Novice: 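Structure provided below as structure tokens; questions to follow.
Below, each value reflects all heavy atoms present in this structure, side chains not excepted, and no hydrogens, waters or symmetry copies. Owing to the predicted nature of the structure, the values given are computational and were not obtained by experimental measurement. For ligands, and for the atoms within them, numbers begin at 1 and follow the listed sequence.
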Amino acid sequence: MKEIAVLGATGSIGRQTLQVVEEHPSLFSISVLAGHRNANLLRKQALKFRPKAVFITAPETYRELAPELKQAGMAVFSDWQDLQEALSTVDLVLGAISGAAGIHPTLLALEMGKTVALANKETLVAAGDLVADALQRYGGRIIPVDSEHSAIFQCLEANGKPARILLTASGGPFRHWPRERLAEVGPEDALSHPTWHMGRKITIDSATLMNKGLEVIEAVRLFGLPADAVQVLVHEESVVHSMVQWTDGTIMAQLGTADMRLPIQYALSWPDRLVNSFPTLDLAKIGTLHFAEPRWADFPALKLAYRAIEQGGIMPAVLNAANEVAVAQFLDKKLGFLAIADVAAETMAAFKADAVESLAHLSEVDQAARAKAQELCRQAGDRL
Ligand code: NDP
Ligand code: MG
């Protein structure tokens, strides 16, 4: 029985992780659940899965749930420090907190030498150097959950280091929209993704192609290839989740339904594969698969991510922080769609790519980049 901690249990990935666990009750059990603001769902999950410990980061949620869950026999904590103790007995930590809030707990688990099934790409983007350091020092391991990186991970098990990675992108809801229409996009348009149903932040990132940019950085961090060996290919059907190309030019692809439960399940069961009741791929029904170059000029966020990883140091963290601020402002209707990438670009231009010294240094950079991005959003907002 693998004992699992789910961080971000109430989110899209967290909920699907619990579905995978339910699918295999004799193989996996939940020992830790962590949630933030969704008290109702966290209560339901805790009473159903009966973990030993429940972590609640938002104070109001903690106050609401702690008495009841303690009464039901669970340990309930609100401080990330207490997480260490609760994680000491788990076999695998699933990291599905959204955004930079996932950095601290992910590093904590890696510093304990844990195996982390990681969905939270922002940790790899912003704190990739610290993650690499922790992996080397404490002997933990990351199993990617992000579907593209899970695909590459699955391909790689065939053979060592590829010459290139072909990272597929659905292209988001606006892949065919002309540039003039992109200027008019509002949150409602951007929140309807054609192939994946995900949390709000990543859905907006998919629409700007920032998600694909973050995934390029994520791939560099996970698989140790230079950024120019990672090629983004638009593939509308989201059937090929990514590919690796070997030195002889041969390409290997991983295909599946657009269902996050598959990469989650693989990250939980690796190196084994498990039978399940999820729908399978019907290639005859799909018939045709399309591949195309991304529209670089219309979706500038993608280029920014390449620039950030090429500059290295703190730059990916600056990009990530600025993007989180700009996306939140866009969702609040205080910033236009095309301005998201502008804010990220201008924030990056205000920083030098210094080396990341420590987690404390990274938090300072994160704060400073957020402040700069806020200021730029206010200026852009005045122009709206
Ligand atoms: P959601 O927004 O659906 O869920 C986010 C989770 O994180 C929730 O459980 C939320 O708790 C918790 N959370 C949010 N803020 C904080 C905080 N400050 N401190 C502690 N916990 C917090 O996101 P997704 O599940 O869509 O995405 C999670 C991660 O997985 C992201 O990094 C995303 O990029 C990545 N990912 C997601 C995919 C998807 O299909 N959804 C695909 C590939 C990667 P609460 O709801 O209780 O407030
Ligand atoms: Mg992905």
Novice: Backbone or side chain, does any N or O of Gly8 fall under 3.5 Å from an N or O of ligand 1?
Specialist: yes
Novice: Identify the protein heavy atom lying closest to atom 29 (C) of ligand 1, giving its residue, its atom name and the separation to 0.1 Å.
Specialist: Ile97 O, 3.7 Å
Novice: If we ignore angles and hydrogens, is there a donor and acceptor under 3.5 Å between the side chains of Gln45 and Thr10?
Specialist: no
Novice: Taking distance alone, with N or O pairs closer than 3.5 Å, would you say His36 contacts ligand 1?
Specialist: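 Yes, since at least one N or O of His36 sits under 3.5 Å from an N or O of ligand 1.
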Novice: Pull out every atom of ligand 1 sitting under 4.0 Å from any heavy atom of Met198, numbered as shown with elements.
Specialist: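 Matching atoms, with element in brackets: 26 (O), 39 (C), 40 (O), 41 (N).
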Novice: So which of the N, O or S atoms of Glu148 lies nearest the Mg ion (ligand 2)?
Specialist: OE1
Novice: How close does the nearest protein non-hydrogen atom get to atom 26 (O) of ligand 1, and which residue and atom is it?
Specialist: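 Going by distance alone, atom 26 (O) of ligand 1 is nearest to Gly199 N, 2.8 Å.
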Novice: Begin with the C-alpha distance, continue with both residues' side-chain angles, and end with the deciding distance and a verdict on salt bridge (charged side-chain N to carboxylate O under 4.0 Å, His left out) for Arg261 and Glu23.
Specialist: CA-CA 10 Å; Arg261 291 175 301 183; Glu23 180 84 11; over 6 Å; no
Novice: Return the residue, atom name and 0.1 Å-rounded distance of the protein heavy atom closest to atom 28 (C) of ligand 1.
Specialist: Ala96 O, 3.3 Å
Novice: Return the residue, atom name and 0.1 Å-rounded distance of the protein heavy atom closest to atom 18 (N) of ligand 1.
Specialist: Ala101 CB, 3.4 Å
Novice: What I want to know is whether Ser147 and ligand 1 share at least one N or O pair that is separated by under 3.5 angstrom.
Specialist: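 N/O-N/O distance below 3.5 Å does not exist for this pair.
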Novice: Give a yes or no answer on whether the side chain of Lys161 reaches the backbone of Gly224 with a donor-acceptor pair at less than 3.5 Å.
Specialist: yes
Novice: Looking only at protein heavy atoms, which one is nearest to atom 34 (O) of ligand 1, and what is the separation?
Specialist: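 The closest one turns out to be Lys121 CE, 3.3 Å.
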Novice: Can you tell me which portion of Ser12 lies within the under-4.0 Å heavy-atom range of ligand 1? Options are side chain, backbone, both, or neither.
Specialist: both
Novice: Do me a favour and list the nearest non-hydrogen protein atom to atom 43 (C) of ligand 1 with residue, atom name and distance?
Specialist: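 Among all protein heavy atoms, the one nearest atom 43 (C) of ligand 1 is Asp146 OD1, 3.1 Å.
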Novice: Considering only heavy atoms of Ile202, which atoms of ligand 1 have at least one such atom less than 4.0 Å away?
Specialist: 26 (O), 33 (C), 34 (O), 36 (N), 37 (C), 38 (C), 42 (C), 43 (C), 44 (C)
Novice: State whether the shortest distance between N or O atoms of Arg37 and N or O atoms of ligand 1 falls below 3.5 angstrom.
Specialist: yes
Novice: Would Asn38 count as being in polar contact with ligand 1, using the rule that some N or O on each side must be under 3.5 angstrom apart?
Specialist: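 It does: an N or O of Asn38 is found under 3.5 Å from an N or O of ligand 1.
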Novice: What's the verdict on salt bridge (charged side-chain N to carboxylate O under 4.0 Å, His left out) for Glu188 and Lys333, showing C-alpha distance, side-chain angles and the deciding distance?
Specialist: CA-CA 10 Å; Glu188 315 73 41; Lys333 304 197 174 172; 3.0 Å; yes
Novice: Does a side-chain N-to-carboxylate-O contact under 4.0 Å join Glu64 and Arg37?
Specialist: no
Novice: Hey, are Glu236 and His176 close enough side-chain-wise for a donor-acceptor pair under 3.5 Å?
Specialist: yes
Novice: Measuring from atom 38 (C) of ligand 1, which candidate in Ile13, Leu214, Ile264 has the nearest non-hydrogen atom?
Specialist: Ile13
Novice: Treating Glu148 as the side-chain partner and Glu215 as the backbone partner, does any N or O pair qualify as donor plus acceptor under 3.5 Å?
Specialist: no
Novice: Heavy-atom distance under 4.5 Å between the side chains of Thr257 and Thr280, does that happen here?
Specialist: no
Novice: From the N, O or S atoms in Glu215, identify the one nearest to the Mg ion (ligand 2).
Specialist: OE2
Novice: Atom CD of residue position Gln136 - does it have more than 12 heavy atoms of other residues, nucleotides or ligands inside 6.0 Å?
Specialist: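 Result for CD/Gln136: open.
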Novice: Cut-off 3.5 Å, no hydrogens considered: what does the side-chain donor-acceptor table look like for residues 77-101, sequence neighbours left out?
Specialist:
from	atom 1	to	atom 2	distance (Å)
Asp79	OD1	Gln81	N	3.0
Ser88	OG	Glu85	O	2.6
Asp91	OD2	Glu3	N	2.7

Novice: Counting heavy atoms only, which of Thr57, Leu118, Thr10, Thr17 is nearest atom 11 (O) of ligand 1?
Specialist: Thr10
Novice: Looking only at N, O or S atoms in Asp146, which is nearest to the Mg ion (ligand 2)?
Specialist: OD1
Novice: Any idea which protein heavy atom is nearest atom 35 (C) of ligand 1, and the distance to it?
Specialist: Ala119 O, 3.1 Å
Novice: Quick one: does Glu122 get within less than 4.0 Å of ligand 1, heavy atoms only?
Specialist: yes
Novice: Tell me if the CD atom of Gln71 is crowded by more than 12 foreign heavy atoms within 6.0 Å.
Specialist: no
Novice: Counting heavy atoms only, which of Ser98, Gly35, Gly11 comes nearest to atom 7 (O) of ligand 1?
Specialist: Ser98
Novice: Would Ser150 and Gln154 count as having a side-chain donor-acceptor pair, cut-off 3.5 Å?
Specialist: yes
Novice: Within a radius of less than 6.0 Å around NZ of Lys70, do more than 12 heavy atoms belonging to other residues, nucleotides or ligands occur?
Specialist: yes
